[in-house]
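One is the number of the first residue; the rest follow in order along the sequence.
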Amino acid sequence: MTTGSIYETEYSDRPTYPTPDGQIDADIAIIGGGLTGISAALTLAEAGIRAVVLEAGTIGAGGSGRNGGHLCQGWPNDFDRISRQLSPAEADIAWKAGMEAVELVKQRIADYAINCDLSFGYLHAALHKRQMQGLDSMQADWEARGYAHFTYLGDQVALSEHIGSDAYVGALYDTGCGHIQPLKYLHGLARAATLLGADIYEQAPVKQILRGPRKTLLINGGASVNAPIVMLCGNAYLADVALPVMQRRLAPVTSSILATKPLSENMVQQVLPTGAAVADENAALNYFRIDGRNRMIFGGRASYTNVDFGSVEQDLRRRMTNVFPILGNAETEQVWSGRIGITVNRIPHFGRTDDGIYFVQGFSGHGVALSGQSGAMLARAVIGDATEFDVMSKLTHMPFPGGPLRTPALALGMAWFKLRDRLKL
Ligand SMILES: Cc1cc2nc3c(=O)[nH]c(=O)nc-3n(C[C@H](O)[C@H](O)[C@H](O)COP(=O)(O)OP(=O)(O)OC[C@H]3O[C@@H](n4cnc5c(N)ncnc54)[C@H](O)[C@@H]3O)c2cc1C
């Protein structure tokens, strides 16, 4: 499996990892070589615990190697949806865990000298008045909890410092969020984990888990891994081994990204002069940024039916030129798509079984920082500090209606939100 993403095509000297052979014994087996699984392996390795990571394709083959690179603070969706299910003390733990996600990225980049074009500055941009009101209450809620990174941009004059577009009525400028080249970051983590003792395997799809005090993970091709503890870190790409409790609580949504060829410095100054990444407040949002090589990386076009209608490139170009008409002549370098795993309430779903299988899924398009934090939380839970993991595991996650038909049911539900966005209600 390849991602088709620009990150992969430009990374010709990407590190590779061996394919497993024979029977391997491990303390902990991690399924999935994305940000969650590799972060868990690194946290364990830092504590002196050797884990085995099994990745079906290559490291970053799932969402982690093909995302928009937006580095976002906190849990997706209103924190209210989390806090109202918890005691005040538990809500504080959950809030801090969400807020530590970007800090963890910063700290790891510094500790392990990872070169991944980290840049700070983010616009949460409103397309109309109702969205601006939503941002107002987000600012009030977050600041009441101590977040001190917002600047309120209430009109187009204020916005013009950061973005050359008249598509937005206002924004929150957020210096706590930013962007990175995600595949380079992931490989930096994988290298660090390996140096500290983790064993990473590629081309190692786990087909079945035989349960018991020691679990046996059967890998396509005949190899197997025996371990008492297993972590399922496959998110929207998890194949064959999802637990029943996970299956109806995650729905895959396709999102697509277009990268232009490098823009001139003059053009960059006209579109995003401060280098901020931008996401609008629509349910089916546009998200974009200028990368380390001056390319516009423009994402959007959520498909809840996961059926490809029309040309993805054409649609993304239309979305991009609606925001920046000046990019009408910018050439496309690459277009790719990937699966985002969403939950009903857009909050990641954590859990564990009585016999030692841990999982997290459903970052709902917000996983570049959060999946690493969540992987670290899984690892800490196994090592003995389950405080954050237990709080997040308490949250209720409803199954999507519709059973095997849940994606069409979701599409119908989302049609209303898309219509509401279009009508600016
Ligand atoms: C197009 C797109 C744009 C996005 N943009 C952003 C963004 O800008 N900001 C943001 O915060 N989030 C974004 N996201 C979401 C983010 O990428 C994910 O939340 C995050 O990468 C999830 O990481 P993960 O490690 O949990 O899963 P993944 O990165 O998907 O990794 C799971 C891995 O598990 C492997 N696997 C699955 N089953 C098995 C098995 N049986 N055996 C072995 N291996 C297996 C898969 O091959 C895969 O590599 C985006 C996602 C997509 C698709």
Side-chain angles (χ1 to χ4, degrees), residues 3 7-8 10-22 24-65 67 69 71 100-118 180-204 206 217 219 223 225-231 233-234 292 358 360 367-385:
T3 62
Y7 314 122
E8 188 170 287
E10 73 183 14
Y11 202 174
S12 53
D13 55 351
R14 184 182 73 74
T16 56
Y17 294 90
T19 304
D21 194 21
I24 299 165
D25 281 320
D27 297 326
I28 298 174
I30 298 172
I31 299 180
L35 284 162
T36 307
I38 297 295
S39 170
L42 177 56
T43 305
L44 291 166
E46 286 168 336
I49 298 168
R50 182 179 147 258
V52 166
V53 179
L54 299 166
E55 164 52 48
T58 53
I59 294 303
S64 300
N67 59 61
L71 200 56
E100 280 163 9
V102 172
E103 282 310 308
L104 182 63
V105 173
K106 272 163 67 179
Q107 185 199 315
R108 284 174 161 173
I109 287 174
D111 288 353
Y112 300 112
I114 303 174
N115 174 8
C116 59
D117 302 336
L118 172 68
I180 54 171
Q181 206 278 30
L183 190 60
K184 283 190 178 165
Y185 173 61
L186 176 62
H187 272 289
L189 297 184
R191 187 189 59 221
T194 310
L195 288 174
L196 291 173
D199 288 320
I200 298 177
Y201 293 99
E202 293 184 323
Q203 313 302 340
V206 178
L217 281 59
I219 300 165
V225 172
N226 293 305
I229 292 175
V230 174
M231 293 180 183
C233 303
Y358 291 69
V360 59
V368 169
L370 261 188
S371 56
Q373 170 70 348
S374 301
M377 285 164 59
L378 254 60
R380 287 195 287 268
V382 167
I383 294 167
D385 178 5

Quiz item: Which heavy atom in Tyr358 sits nearest to a heavy atom in Ala381, and how many Å separate them?
Solution: CE2-CB, 4.0 Å
Exercise. Measure the spacing between CD of Glu202 and CD1 of Ile200 and express it to the nearest 0.5 Å.
Key: 8.0 Å
Quiz item: Aromatic rings His187 and Tyr11: how do their planes relate, parallel, tilted or perpendicular, breaks at 30° and 60°?
Solution: perpendicular
Self-check item: Reported NZ-to-CG distance for the pair Lys184 and Leu189, which is rounded to 0.5 angstrom
Solution: 14.5 Å
Exercise. Say whether Gln373 and Glu103, considering side chains only, have a donor N or O and an acceptor N or O under 3.5 Å apart.
Key: no
Quiz item: Going by heavy atoms in the side chains, are Glu10 and Gln181 under 4.5 Å from each other?
Solution: yes
Exercise. Of all the heavy-atom pairs spanning Ala45 and Ala198, show the shortest one and how long it is.
Key: CB-N, 4.5 Å
Exercise. Please name the pair of heavy atoms, one in Ile114 and one in Gly188, separated by the smallest distance, quoted to 0.1 Å.
Key: CD1-C, 3.6 Å
Quiz item: Which heavy-atom pair separates Pro20 from Ile24 by the least distance, and what is that distance?
Solution: CB-CD1, 3.8 Å
Quiz item: So with a 6.0 Å cut-off around CG of Asp21, is the heavy-atom count from everything else above 12?
Solution: no
Quiz item: Taking only residues two or more places apart in sequence or in another chain, which ones pass salt bridge (charged side-chain N to carboxylate O under 4.0 Å, His left out) with Asp25?
Solution: Arg214
Quiz item: Between OH of Tyr7 and CG of Leu186, what distance do you get to the nearest 0.5 Å?
Solution: 12.5 Å
Donor-acceptor pairs under 3.5 angstrom involving side-chain atoms of residues 27-42: please list them, not counting sequence neighbours.
from	atom 1	to	atom 2	distance (Å)
Ser39	OG	Arg108	NH1	2.8
Ser39	OG	Gly372	O	2.5

Quiz item: Would you say the side chain of Leu118 lies within less than 4.5 Å of the side chain of Tyr185, judging by non-hydrogen atoms?
Solution: no
Exercise. Starting at NZ of Lys106, measure out to CD of Glu100 and round the result to the nearest 0.5 Å.
Key: 12.5 Å
Exercise. Return yes if some donor-acceptor pair links the side-chain N/O of Glu8 with the main-chain N/O of Gly65 below 3.5 Å, else return no.
Key: no
Quiz item: How far apart are the closest heavy atoms of Asp117 and Gly292, and which atoms are they?
Solution: OD2-CA, 3.9 Å
Quiz item: Roughly how far apart are Ile49 CD1 and Thr43 OG1, rounded to 0.5 Å?
Solution: 10.5 Å
Quiz item: Taking only residues two or more places apart in sequence, or in another chain, which ones meet Arg50 in a side-chain contact (heavy atoms from CB on, under 4.5 Å)?
Solution: Val52, Asp199
Practice problem: For Thr194 and Ala190, indicate whether the former's side chain and the latter's backbone hold a donor-acceptor pair under 3.5 Å. | Solution: yes
Quiz item: What distance separates Tyr17 OH from Thr58 OG1, expressed to the nearest 0.5 Å?
Solution: 11.0 Å
Exercise. Over all heavy atoms of both residues, which pair between Ala379 and Leu44 is shortest? Give the atoms and the distance, please.
Key: CB-CG, 3.7 Å
Quiz item: Do Leu183 and Ser64 touch side chain to side chain, with heavy atoms closer than 4.5 Å?
Solution: no
